[in-house]
Protein chains: 2
Amino acid sequence: MLKLSRLTDYAAVVMAQIARHPQASHAAADLAEAVQLPHPTVSKTLKMLVRAGLLASQRGAQGGYRLARPASQITAADIISAIEGPVAMTECSQAQGECELAATCGVADNWQRVSLAIRTLLESVTLAHLAASTPLKLPVQLPIQSISLSAVSA
Amino acid sequence: MLKLSRLTDYAAVVMAQIARHPQASHAAADLAEAVQLPHPTVSKTLKMLVRAGLLASQRGAQGGYRLARPASQITAADIISAIEGPVAMTECSQAQGECELAATCGVADNWQRVSLAIRTLLESVTLAHLAASTPLKLPVQLPIQSISLSAVSA
DNA sequence: TAATTGGGTACCATTTTAGTCCTGTATAAA
DNA sequence: TTTATACAGGACTAAAATGGTACCCAATTA
(Lines give C-alpha, C1' and ligand atoms only; values in the text may rest on other atoms or scores of the structure.)
Protein backbone atom coordinates (compact mmCIF):
# COMPACT_ATOMS: atom_id res chain seq x y z
CA MET A 1 0.00 0.00 0.00
CA LEU A 2 3.00 2.28 0.17
CA LYS A 3 1.66 3.19 3.53
CA LEU A 4 3.07 5.25 6.36
CA SER A 5 3.54 3.42 9.62
CA ARG A 6 1.03 4.16 12.30
CA LEU A 7 3.61 5.97 14.40
CA THR A 8 4.33 8.30 11.51
CA ASP A 9 0.68 9.01 11.26
CA TYR A 10 0.60 9.84 14.96
CA ALA A 11 3.63 12.06 14.57
CA ALA A 12 1.90 14.13 11.93
CA VAL A 13 -1.20 14.53 14.03
CA VAL A 14 0.77 15.51 17.10
CA MET A 15 2.93 17.93 15.17
CA ALA A 16 -0.16 19.54 13.71
CA GLN A 17 -1.64 19.87 17.16
CA ILE A 18 1.47 21.65 18.41
CA ALA A 19 1.61 23.80 15.30
CA ARG A 20 -1.84 25.17 16.02
CA HIS A 21 -0.60 26.61 19.33
CA PRO A 22 3.01 27.45 18.61
CA GLN A 23 3.62 29.66 21.65
CA ALA A 24 2.54 27.17 24.28
CA SER A 25 4.64 24.40 25.75
CA HIS A 26 2.88 21.07 25.33
CA ALA A 27 3.25 18.28 27.87
CA ALA A 28 3.14 14.78 26.47
CA ALA A 29 0.11 13.92 28.59
CA ASP A 30 -1.84 16.91 27.29
CA LEU A 31 -1.05 16.03 23.69
CA ALA A 32 -2.08 12.43 24.22
CA GLU A 33 -5.35 13.63 25.63
CA ALA A 34 -5.90 16.09 22.80
CA VAL A 35 -5.40 13.57 20.04
CA GLN A 36 -6.92 10.63 21.90
CA LEU A 37 -3.99 8.30 21.75
CA PRO A 38 -2.22 6.31 24.50
CA HIS A 39 0.24 8.41 26.45
CA PRO A 40 3.31 6.12 26.25
CA THR A 41 3.00 5.84 22.50
CA VAL A 42 2.68 9.57 22.01
CA SER A 43 5.63 10.03 24.32
CA LYS A 44 7.74 7.68 22.25
CA THR A 45 6.81 9.53 19.10
CA LEU A 46 7.70 12.88 20.66
CA LYS A 47 11.12 11.62 21.63
CA MET A 48 11.80 10.58 18.08
CA LEU A 49 10.75 13.98 16.83
CA VAL A 50 13.10 15.66 19.28
CA ARG A 51 15.97 13.45 18.21
CA ALA A 52 15.28 14.45 14.61
CA GLY A 53 15.45 18.10 15.56
CA LEU A 54 11.83 18.92 14.75
CA LEU A 55 10.78 19.56 18.34
CA ALA A 56 12.54 21.17 21.26
CA SER A 57 11.91 19.81 24.72
CA GLN A 58 12.02 21.40 28.11
CA ARG A 59 12.19 19.27 31.24
CA GLY A 60 10.72 19.99 34.63
CA ALA A 61 7.56 21.65 35.79
CA GLN A 62 5.92 23.76 33.09
CA GLY A 63 8.12 21.97 30.61
CA GLY A 64 6.99 20.22 27.49
CA TYR A 65 7.49 20.30 23.77
CA ARG A 66 7.40 23.05 21.18
CA LEU A 67 8.38 23.33 17.54
CA ALA A 68 12.08 23.69 16.92
CA ARG A 69 11.34 25.98 13.97
CA PRO A 70 8.29 27.53 12.31
CA ALA A 71 5.72 25.15 10.90
CA SER A 72 6.31 26.55 7.45
CA GLN A 73 9.88 25.26 7.65
CA ILE A 74 9.00 21.71 8.66
CA THR A 75 8.09 19.42 5.79
CA ALA A 76 6.14 16.21 5.51
CA ALA A 77 9.37 14.57 4.45
CA ASP A 78 10.98 15.73 7.69
CA ILE A 79 8.29 14.13 9.77
CA ILE A 80 8.33 10.88 7.84
CA SER A 81 12.08 10.49 7.98
CA ALA A 82 12.09 11.34 11.68
CA ILE A 83 10.08 8.19 12.32
CA GLU A 84 10.86 5.87 9.45
CA GLY A 85 14.25 6.96 8.26
CA PRO A 86 14.99 8.46 4.87
CA VAL A 87 12.21 8.46 2.28
CA ALA A 88 13.16 5.83 -0.28
CA MET A 89 11.04 3.44 -2.26
CA THR A 90 13.59 0.67 -2.61
CA GLU A 91 16.72 -0.47 -0.84
CA CYS A 92 18.87 0.84 -3.62
CA SER A 93 17.17 4.22 -3.61
CA GLN A 94 19.20 5.13 -0.56
CA ALA A 95 22.65 3.69 -0.87
CA GLN A 96 24.21 3.31 -4.26
CA GLY A 97 26.04 0.16 -5.17
CA GLU A 98 24.97 -2.11 -2.34
CA CYS A 99 22.53 -4.27 -4.27
CA GLU A 100 24.14 -7.39 -5.67
CA LEU A 101 21.30 -7.82 -8.12
CA ALA A 102 21.99 -4.54 -9.85
CA ALA A 103 23.27 -6.32 -12.92
CA THR A 104 20.05 -8.23 -13.56
CA CYS A 105 17.74 -5.63 -12.12
CA GLY A 106 17.47 -3.10 -14.89
CA VAL A 107 14.99 -0.80 -13.18
CA ALA A 108 17.11 0.63 -10.37
CA ASP A 109 17.88 3.91 -12.07
CA ASN A 110 14.31 4.70 -12.88
CA TRP A 111 12.97 3.65 -9.51
CA GLN A 112 15.44 6.02 -7.95
CA ARG A 113 14.11 8.82 -10.09
CA VAL A 114 10.54 8.08 -9.11
CA SER A 115 11.62 7.93 -5.50
CA LEU A 116 13.29 11.30 -5.83
CA ALA A 117 10.17 12.80 -7.34
CA ILE A 118 8.10 11.60 -4.41
CA ARG A 119 10.62 12.90 -1.94
CA THR A 120 10.54 16.29 -3.60
CA LEU A 121 6.78 16.29 -3.47
CA LEU A 122 6.84 15.50 0.24
CA GLU A 123 9.39 18.20 0.83
CA SER A 124 7.09 20.70 -0.76
CA VAL A 125 4.31 20.04 1.72
CA THR A 126 4.91 21.77 5.04
CA LEU A 127 3.51 21.25 8.49
CA ALA A 128 1.75 24.57 8.08
CA HIS A 129 -0.14 23.05 5.14
CA LEU A 130 -1.00 19.90 7.02
CA ALA A 131 -2.20 21.72 10.10
CA ALA A 132 -4.29 24.20 8.18
CA SER A 133 -7.99 23.58 8.46
CA THR A 134 -8.30 24.85 4.93
CA PRO A 135 -7.64 21.91 2.65
CA LEU A 136 -4.40 22.07 0.75
CA LYS A 137 -5.39 22.13 -2.89
CA LEU A 138 -2.91 20.13 -4.90
CA PRO A 139 -4.00 20.32 -8.53
CA VAL A 140 -2.67 16.85 -9.08
CA GLN A 141 -4.47 15.78 -12.16
CA LEU A 142 -3.10 17.87 -14.96
CA PRO A 143 0.18 19.38 -13.81
CA ILE A 144 1.83 16.19 -12.62
CA GLN A 145 0.71 14.35 -15.71
CA SER A 146 2.28 17.02 -17.85
CA ILE A 147 5.50 16.84 -15.90
CA SER A 148 6.07 13.20 -16.48
CA LEU A 149 5.00 13.33 -20.08
CA SER A 150 7.38 16.12 -20.85
CA ALA A 151 9.96 14.20 -18.91
CA VAL A 152 9.67 11.26 -21.26
CA SER A 153 10.25 13.32 -24.33
CA ALA A 154 13.10 15.20 -22.68
CA MET B 1 11.02 4.75 4.75
CA LEU B 2 7.85 4.76 2.72
CA LYS B 3 9.34 1.70 1.12
CA LEU B 4 7.95 -0.78 -1.34
CA SER B 5 7.84 -4.35 -0.12
CA ARG B 6 10.48 -6.63 -1.51
CA LEU B 7 7.91 -8.57 -3.52
CA THR B 8 6.81 -5.38 -5.21
CA ASP B 9 10.37 -4.73 -6.11
CA TYR B 10 10.64 -8.20 -7.61
CA ALA B 11 7.43 -7.65 -9.50
CA ALA B 12 8.79 -4.55 -11.14
CA VAL B 13 12.00 -6.27 -12.14
CA VAL B 14 10.17 -9.26 -13.55
CA MET B 15 7.69 -7.12 -15.43
CA ALA B 16 10.53 -5.14 -16.92
CA GLN B 17 12.22 -8.34 -17.99
CA ILE B 18 9.09 -9.49 -19.77
CA ALA B 19 8.55 -6.08 -21.28
CA ARG B 20 11.92 -6.25 -22.97
CA HIS B 21 10.81 -9.32 -24.93
CA PRO B 22 7.09 -8.76 -25.39
CA GLN B 23 6.51 -11.38 -28.06
CA ALA B 24 7.99 -14.33 -26.21
CA SER B 25 6.23 -16.46 -23.63
CA HIS B 26 8.21 -16.52 -20.42
CA ALA B 27 8.25 -19.54 -18.12
CA ALA B 28 8.53 -18.78 -14.43
CA ALA B 29 11.76 -20.75 -14.20
CA ASP B 30 13.36 -18.78 -17.01
CA LEU B 31 12.41 -15.48 -15.45
CA ALA B 32 13.74 -16.56 -12.07
CA GLU B 33 17.01 -17.46 -13.72
CA ALA B 34 17.16 -14.19 -15.64
CA VAL B 35 16.66 -11.98 -12.62
CA GLN B 36 18.56 -14.21 -10.20
CA LEU B 37 15.82 -14.73 -7.68
CA PRO B 38 14.43 -17.92 -6.12
CA HIS B 39 11.94 -19.66 -8.37
CA PRO B 40 9.06 -20.11 -5.89
CA THR B 41 9.14 -16.47 -4.95
CA VAL B 42 9.11 -15.31 -8.54
CA SER B 43 6.28 -17.70 -9.20
CA LYS B 44 4.24 -16.26 -6.37
CA THR B 45 4.80 -12.78 -7.68
CA LEU B 46 3.76 -13.77 -11.19
CA LYS B 47 0.51 -15.22 -9.91
CA MET B 48 -0.33 -11.98 -8.18
CA LEU B 49 0.36 -10.05 -11.33
CA VAL B 50 -1.94 -12.36 -13.28
CA ARG B 51 -4.70 -11.94 -10.74
CA ALA B 52 -4.34 -8.18 -11.08
CA GLY B 53 -4.73 -8.46 -14.84
CA LEU B 54 -1.26 -7.23 -15.72
CA LEU B 55 0.00 -10.55 -17.09
CA ALA B 56 -1.68 -13.27 -19.10
CA SER B 57 -0.70 -16.85 -18.45
CA GLN B 58 -0.74 -19.93 -20.60
CA ARG B 59 -0.51 -23.37 -19.06
CA GLY B 60 1.06 -26.45 -20.49
CA ALA B 61 4.13 -27.07 -22.55
CA GLN B 62 5.42 -23.95 -24.28
CA GLY B 63 3.25 -21.96 -21.93
CA GLY B 64 4.33 -19.10 -19.76
CA TYR B 65 3.58 -15.48 -19.05
CA ARG B 66 3.26 -12.45 -21.26
CA LEU B 67 2.01 -8.90 -20.81
CA ALA B 68 -1.74 -8.52 -20.80
CA ARG B 69 -1.39 -5.17 -22.54
CA PRO B 70 1.40 -3.00 -23.95
CA ALA B 71 4.06 -1.84 -21.51
CA SER B 72 3.10 1.74 -22.19
CA GLN B 73 -0.32 1.01 -20.74
CA ILE B 74 0.88 -0.53 -17.50
CA THR B 75 1.78 1.93 -14.78
CA ALA B 76 3.96 1.79 -11.70
CA ALA B 77 0.80 2.27 -9.68
CA ASP B 78 -0.67 -0.84 -11.35
CA ILE B 79 2.29 -2.93 -10.32
CA ILE B 80 2.38 -1.62 -6.79
CA SER B 81 -1.31 -2.15 -6.19
CA ALA B 82 -1.14 -5.62 -7.72
CA ILE B 83 1.17 -6.65 -4.88
CA GLU B 84 0.39 -4.32 -2.01
CA GLY B 85 -3.14 -3.22 -2.62
CA PRO B 86 -4.25 0.30 -3.41
CA VAL B 87 -1.66 3.06 -3.09
CA ALA B 88 -2.57 5.03 0.02
CA MET B 89 -0.40 6.70 2.60
CA THR B 90 -2.73 6.35 5.56
CA GLU B 91 -5.63 4.16 6.56
CA CYS B 92 -8.07 6.95 5.91
CA SER B 93 -6.65 7.69 2.48
CA GLN B 94 -8.54 4.72 1.14
CA ALA B 95 -11.89 4.49 2.84
CA GLN B 96 -13.63 7.61 3.97
CA GLY B 97 -15.24 7.79 7.38
CA GLU B 98 -13.79 4.68 8.98
CA CYS B 99 -11.33 6.37 11.30
CA GLU B 100 -12.80 7.04 14.72
CA LEU B 101 -10.08 9.59 15.44
CA ALA B 102 -11.15 11.84 12.59
CA ALA B 103 -12.47 14.42 15.02
CA THR B 104 -9.14 14.92 16.77
CA CYS B 105 -6.96 14.15 13.78
CA GLY B 106 -7.10 17.37 11.83
CA VAL B 107 -4.73 16.33 9.07
CA ALA B 108 -6.75 13.67 7.29
CA ASP B 109 -7.91 15.87 4.43
CA ASN B 110 -4.48 17.10 3.58
CA TRP B 111 -2.84 13.71 3.88
CA GLN B 112 -5.38 12.41 1.42
CA ARG B 113 -4.44 15.10 -1.01
CA VAL B 114 -0.77 14.30 -0.71
CA SER B 115 -1.58 10.66 -1.17
CA LEU B 116 -3.54 11.43 -4.29
CA ALA B 117 -0.65 13.44 -5.69
CA ILE B 118 1.70 10.51 -5.20
CA ARG B 119 -0.75 8.12 -6.77
CA THR B 120 -1.06 10.36 -9.78
CA LEU B 121 2.69 10.54 -10.06
CA LEU B 122 2.96 6.75 -9.97
CA GLU B 123 0.24 6.46 -12.56
CA SER B 124 2.23 8.66 -14.87
CA VAL B 125 5.22 6.33 -14.86
CA THR B 126 4.71 3.35 -17.16
CA LEU B 127 6.38 -0.02 -17.38
CA ALA B 128 7.85 1.14 -20.66
CA HIS B 129 9.64 3.89 -18.76
CA LEU B 130 10.86 1.55 -16.07
CA ALA B 131 12.12 -1.04 -18.50
CA ALA B 132 13.89 1.48 -20.69
CA SER B 133 17.63 1.39 -20.37
CA THR B 134 17.60 5.11 -21.00
CA PRO B 135 17.00 6.74 -17.66
CA LEU B 136 13.64 8.37 -17.25
CA LYS B 137 14.37 12.02 -16.71
CA LEU B 138 11.93 13.43 -14.23
CA PRO B 139 12.76 17.09 -13.82
CA VAL B 140 11.62 16.94 -10.25
CA GLN B 141 13.25 19.93 -8.73
CA LEU B 142 11.51 22.91 -10.25
CA PRO B 143 8.21 21.76 -11.67
CA ILE B 144 6.93 19.90 -8.64
CA GLN B 145 7.99 22.71 -6.36
CA SER B 146 6.04 25.12 -8.48
CA ILE B 147 3.01 22.91 -8.41
CA SER B 148 2.71 22.79 -4.69
CA LEU B 149 3.55 26.43 -4.28
CA SER B 150 0.88 27.45 -6.70
CA ALA B 151 -1.38 25.00 -4.97
CA VAL B 152 -0.99 26.79 -1.70
CA SER B 153 -1.98 30.10 -3.12
CA ALA B 154 -4.82 28.51 -5.08
C1' DT C 1 -0.61 -40.47 -22.24
C1' DA C 2 3.42 -38.39 -20.64
C1' DA C 3 5.87 -34.21 -20.01
C1' DT C 4 5.58 -29.47 -19.15
C1' DT C 5 4.04 -25.48 -16.97
C1' DG C 6 0.97 -22.57 -14.34
C1' DG C 7 -2.73 -22.41 -10.09
C1' DG C 8 -3.90 -22.65 -5.43
C1' DT C 9 -3.25 -23.34 -0.70
C1' DA C 10 -1.21 -24.04 3.51
C1' DC C 11 2.56 -23.55 6.40
C1' DC C 12 6.67 -21.80 8.85
C1' DA C 13 10.45 -18.58 9.97
C1' DT C 14 11.78 -14.08 10.33
C1' DT C 15 11.40 -9.36 10.78
C1' DT C 16 9.06 -5.31 11.77
C1' DT C 17 5.93 -2.75 14.36
C1' DA C 18 3.47 -1.21 18.24
C1' DG C 19 2.92 -0.68 22.74
C1' DT C 20 4.37 -0.77 27.73
C1' DC C 21 7.22 -0.18 31.67
C1' DC C 22 10.98 1.19 34.50
C1' DT C 23 14.58 3.98 36.00
C1' DG C 24 17.17 8.15 35.56
C1' DT C 25 17.72 13.26 35.12
C1' DA C 26 16.65 18.10 34.61
C1' DT C 27 13.81 22.01 35.98
C1' DA C 28 10.80 25.04 38.46
C1' DA C 29 8.13 26.37 42.21
C1' DA C 30 7.13 26.29 47.04
C1' DT D 1 16.45 22.68 49.64
C1' DT D 2 12.80 19.90 48.91
C1' DT D 3 9.24 18.23 46.07
C1' DA D 4 6.46 17.68 42.17
C1' DT D 5 6.66 17.77 37.36
C1' DA D 6 8.03 16.23 33.03
C1' DC D 7 11.31 14.54 29.56
C1' DA D 8 15.25 10.77 28.32
C1' DG D 9 16.66 6.34 27.43
C1' DG D 10 16.44 1.70 27.09
C1' DA D 11 14.63 -2.96 27.71
C1' DC D 12 11.02 -5.94 26.99
C1' DT D 13 6.84 -8.25 25.08
C1' DA D 14 3.09 -9.18 22.02
C1' DA D 15 1.21 -9.02 17.67
C1' DA D 16 1.21 -8.58 12.88
C1' DA D 17 3.14 -8.41 8.33
C1' DT D 18 6.39 -10.28 5.29
C1' DG D 19 9.03 -13.49 2.82
C1' DG D 20 9.94 -17.88 1.53
C1' DT D 21 8.91 -22.93 0.82
C1' DA D 22 6.51 -27.09 -0.21
C1' DC D 23 2.90 -29.77 -1.96
C1' DC D 24 -0.59 -31.20 -4.89
C1' DC D 25 -3.90 -30.04 -8.64
C1' DA D 26 -5.27 -28.41 -13.42
C1' DA D 27 -4.44 -27.45 -18.12
C1' DT D 28 -2.09 -27.90 -22.40
C1' DT D 29 0.64 -29.85 -25.98
C1' DA D 30 3.52 -33.11 -28.33
Side-chain angles (χ1 to χ4, degrees), chain A residues 1-14 18 24-68 80 82-85 88-91 101, chain B residues 1-14 18 24-68 80 82-85 88-91 101:
Chain A
M1 291 210 219
L2 203 77
K3 204 162 47 178
L4 298 177
S5 86
R6 219 187 300 186
L7 284 186
T8 309
D9 214 346
Y10 297 168
V13 174
V14 169
I18 297 177
S25 191
H26 300 263
D30 296 344
L31 288 170
E33 169 66 21
V35 301
Q36 287 292 300
L37 291 172
H39 178 186
T41 301
V42 168
S43 191
K44 187 180 187 176
T45 308
L46 290 166
K47 289 174 202 170
M48 288 194 260
L49 292 167
V50 169
R51 227 171 303 158
L54 304 186
L55 290 179
S57 64
Q58 174 74 23
R59 293 190 184 184
Q62 308 306 317
Y65 296 91
R66 57 187 70 212
L67 299 183
I80 294 172
I83 310 293
E84 315 195 14
M89 287 182 64
T90 58
E91 298 292 347
L101 296 175
Chain B
M1 292 208 217
L2 203 77
K3 206 162 46 181
L4 298 176
S5 87
R6 219 187 299 188
L7 283 186
T8 308
D9 213 346
Y10 297 168
V13 174
V14 169
I18 297 176
S25 191
H26 301 264
D30 296 345
L31 288 170
E33 169 66 21
V35 301
Q36 287 292 296
L37 291 172
H39 178 185
T41 300
V42 169
S43 192
K44 188 180 186 176
T45 307
L46 289 166
K47 288 174 202 168
M48 289 194 259
L49 292 166
V50 169
R51 226 172 303 160
L54 304 185
L55 289 179
S57 64
Q58 175 73 23
R59 293 189 184 186
Q62 309 306 316
Y65 296 92
R66 56 186 71 212
L67 298 183
I80 293 171
I83 309 294
E84 314 195 13
M89 288 182 65
T90 58
E91 299 292 346
L101 297 175

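Quantities reported herein were computed from a predicted structural model and do not represent experimental measurements. In what follows, chains carry the letters A, B, and so on, assigned in the order in which the sequence lines appear, proteins first and then strands, with residues in each chain numbered from 1.
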Closest to the B:Ala61 side chain, choosing from C:dT4, D:dA8, C:dA29: C:dT4
5' priority, DNA chain D, between B:Thr41 and A:Gln58 [closest heavy atom]: A:Gln58
Touch class at under 4.0 angstrom, heavy-atom based, for A:Ala28 against every strand present: sugar-phosphate
Length of the CD-P vector between A:Gln62 and D:dC7, whole Å: 11 Å
Atom-to-atom span, CZ of B:Arg66 to P of D:dT28 - whole angstrom: 14 Å
Distance in angstrom units between B:Ile83 CD1 and D:dG19 C1', rounded: 12 Å
Nearest-angstrom distance from the residue atom CE of A:Met48 to P of D:dC7: 15 Å
Presence of B:Tyr10 side-chain N/O under 4.0 Å of D:dG20 phosphate oxygens OP1/OP2: yes
A:Leu55 CG - D:dC7 P separation (whole Å): 11 Å
Whole angstrom value for the distance that separates P of D:dA6 from CG of A:Leu46: 14 Å
Nearest-angstrom distance from the residue atom CG of A:Leu49 to P of D:dA8: 11 Å
Rounded distance (Å) that lies between atom C1' of D:dC7 and atom NE2 of A:His26: 15 Å
Under 3.5 Å, which N/O atoms of the protein pair with N/O atoms of nucleotides 14-18 of chain D?
none

Anything under 3.5 Å between a protein N or O and an N or O of nucleotides 8-11 of chain C, put it in a table, one pair a line.
| unit_1 | atom_1 | unit_2 | atom_2 | d |
| --- | --- | --- | --- | --- |
| C:dG8 | N7 | B:Lys47 | NZ | 2.8 |
| C:dG8 | O6 | B:Lys47 | NZ | 3.4 |

